[in-house]
Amino acid sequence: MMIDDSKISFVIPTINEEGTIGSVIDGIRSDFKNSEIIVVDTNSTDRTREIARSKGARVIEEPRRGYGRAYQTGIPAASGEIIVCMDGDGTYPTDIVKPLIEILILDRVDFISCDRITFRTSTNYTTLHYVGNMVLNITIRILFKVRMVDSQSGMWIFRSDLYRKMKNLGNGMSFSQNIKIEAVRHGVFIEIPIRYGVRITKPKLKTWHDGFHNLFALFVKRVSE
């Protein structure tokens, strides 16, 4: 099917991704010549912003740190009817985006979350991260009656009007789980397995700190509603 790529926006949060952001944007451009690409940069000290601009991306500088903060700055700034969110470190495949958007449109889905767990290997997704993800998945199931395979995935495709219905998303890493919970509440949510890449840049996730913070954030979200 033909996709009007001018109605699609990509939002990518970055911090010190000079080694990968160029190839990520090139991968997007190979299928989406006319799509808006927004890079939300949180105080990179390398050439991330320079490279992104040279590739035609719109760079929004967000001095406040936080994964969720970057998205809460970038997503409202996007003009597309369909929003694609992914990391700038090259771990998420760009060539899968087009067929996922076709599924979104043809199956009348509102939110697709990319599941890294189904095809995981010890190289691209450690056992520790897998166990932590499962603990969070179980907690979400208990607190919110929502079943997920990969609640911590950082690649999503969704309709922009759905995002405007969401609330209490958070400014930290918990944004990822919260946006999925809100997607289930307000629209049609599905997960589709992808092959997650091997990270070549320094990870931003602090496994124990962010894991416990995300767990605590689920209880905070539950009692605040």
Side-chain angles (χ1 to χ4, degrees), residues 1 3 7-13 35 38 67-68 70-72 74-76 78 80-87 91-120 125 129-130 132-196 205 210-211 214-215 217-225:
M1 65 175 292
I3 296 175
K7 296 182 178 180
I8 299 168
S9 294
F10 290 77
V11 180
I12 306 171
S35 292
I38 297 176
Y67 179 77
Y71 273 127
Q72 296 215 56
I75 294 174
E81 296 177 5
I82 295 174
I83 311 294
V84 181
C85 295
M86 62 173 62
D87 293 345
T91 53
Y92 290 101
T94 57
D95 59 356
I96 196 69
V97 174
K98 190 171 183 179
L100 290 181
I101 290 177
E102 291 177 350
I103 292 172
L104 188 89
I105 295 171
L106 292 174
D107 290 355
R108 299 181 181 179
V109 174
D110 298 305
F111 192 108
I112 295 176
S113 181
C114 295
D115 152 34
R116 304 163 299 169
I117 303 300
T118 300
F119 297 144
R120 82 178 184 95
Y125 200 82
H129 287 160
Y130 174 76
N133 201 331
M134 292 305 102
V135 169
L136 293 167
N137 291 346
I138 292 169
T139 305
I140 290 171
R141 188 183 310 169
I142 293 171
L143 295 180
F144 300 96
K145 312 303 180 187
V146 173
R147 290 179 177 270
M148 295 182 196
V149 176
D150 184 4
S151 62
Q152 307 304 305
S153 168
M155 182 175 177
W156 332 297
I157 298 171
F158 56 92
R159 300 180 188 273
S160 58
D161 57 354
L162 178 69
Y163 181 79
R164 290 189 283 270
K165 300 175 184 178
M166 298 178 179
K167 59 183 181 179
N168 297 331
L169 294 176
N171 294 324
M173 297 300 293
S174 60
F175 182 92
S176 180
Q177 61 196 20
N178 291 344
I179 196 173
K180 299 179 185 71
I181 293 169
E182 291 292 301
V184 172
R185 289 175 167 175
H186 298 292
V188 178
F189 169 94
I190 64 172
E191 291 179 279
I192 294 181
I194 63 166
R195 295 204 179 273
Y196 189 57
L205 179 71
D210 289 326
N214 286 1
L215 183 62
L218 288 173
F219 288 95
V220 172
K221 181 172 177 62
R222 186 68 185 88
V223 299
S224 64
E225 297 175 342

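Note that the structure is predicted; figures quoted are calculated from it, not measured. Below, all heavy atoms of this structure are taken into account, side chains as well, without hydrogens, waters or symmetry copies.
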Quiz item: Does any N or O in the side chain of S153 come within less than 3.5 Å of the main-chain N or O of C114, such that one atom is a donor and the other an acceptor?
Solution: yes
Quiz prompt | Residue pairs, two or more places apart or on separate chains, that pass side-chain hydrogen bond (donor to acceptor under 3.5 Å, both in side chains) and touch residues 180-192 | solution = S176-K180, E182-R185, E182-H186, E182-K221, R185-E225
Exercise. Go through the steps for I82 and K7 under the test side-chain contact (heavy atoms from CB on, under 4.5 Å), then give the verdict.
Key: CA-CA 7 Å; I82 295 174; K7 296 182 178 180; over 6 Å; no
Exercise. Measure the spacing between CD of Q152 and CD of Q177 and express it to the nearest 0.5 Å.
Key: 4.5 Å
Quiz item: Any chance the side chains of N178 and N168 put a donor and an acceptor closer than 3.5 Å?
Solution: no
Exercise. List for me each residue that meets side chain to side chain contact (heavy atoms under 4.5 Å, CB included) alongside A70, sequence neighbours excluded, and say none if there are none.
Key: P13, V40, T42
Could you give the side-chain donor-acceptor pairs of residues 140-148 under 3.5 Å, partners two or more places apart or in another chain?
none

Quiz item: Mind checking what makes ring-ring contact (aromatic ring centres under 6.0 Å, His included) contact with F10, not counting sequence neighbours?
Solution: F32
Practice problem: Measure across D110 and G187 and return the closest heavy-atom pair with its distance rounded to 0.1 Å. | Solution: OD2-CA, 3.3 Å
Quiz item: Between CD1 of I117 and CD1 of I194, what distance do you get to the nearest 0.5 Å?
Solution: 10.5 Å
Quiz prompt | Closest non-hydrogen atom pair, G80 against S160 | solution = O-OG, 3.2 Å
Quiz item: What residues, two or more places apart in sequence or in another chain, satisfy ring-ring contact (aromatic ring centres under 6.0 Å, His included) together with F175?
Solution: Y71, W156
Self-check item: Gap separating the CD1 atom of I157 from the CE atom of M86, nearest 0.5 angstrom
Solution: 7.0 Å
Quiz prompt | Nearest heavy atoms of F111 and L104, plus distance in Å | solution = N-CD1, 3.9 Å
Quiz item: In Å, rounded to the nearest 0.5 Å, how long is the span from NZ of K98 to CD1 of I8?
Solution: 9.0 Å
Quiz item: M166 and F158: side-chain contact (heavy atoms from CB on, under 4.5 Å), yes or no, with the steps?
Solution: CA-CA 12 Å; M166 298 178 179; F158 56 92; 5.6 Å; no
Practice problem: Please name all residues satisfying side chain to side chain donor-acceptor pair (under 3.5 Å) with N171, sequence neighbours left out, ordered by chain then number. | Solution: Q72
Quiz item: Which atoms form the tightest heavy-atom contact between S151 and L136, and what is the distance?
Solution: OG-CB, 4.0 Å
Quiz item: Measuring from N133:CG to I138:CD1, what's the distance to the nearest 0.5 Å?
Solution: 10.0 Å
Practice problem: Of all the heavy-atom pairs spanning I192 and I190, show the shortest one and how long it is. | Solution: CD1-CD1, 4.0 Å
Quiz item: Measuring from D150:CG to T118:OG1, what's the distance to the nearest 0.5 Å?
Solution: 8.5 Å
Quiz item: Does D107 have any side chain to side chain contact (heavy atoms under 4.5 Å, CB included) partners at least two apart in sequence or in another chain, and if so, which?
Solution: I103, V109
Quiz item: Listed by chain and number, what are the side chain to side chain donor-acceptor pair (under 3.5 Å) partners of S174, not counting sequence neighbours?
Solution: none
Self-check item: Residues which pass salt bridge (Lys or Arg N to Asp or Glu O under 4.0 Å) with R164, listed by chain and number, not counting sequence neighbours
Solution: none
Quiz item: Minimum heavy-atom separation for I101 to V84, with atom names?
Solution: CD1-CG2, 4.2 Å
Quiz item: Residues in salt bridge (Lys or Arg N to Asp or Glu O under 4.0 Å) with D115, at least two apart?
Solution: none
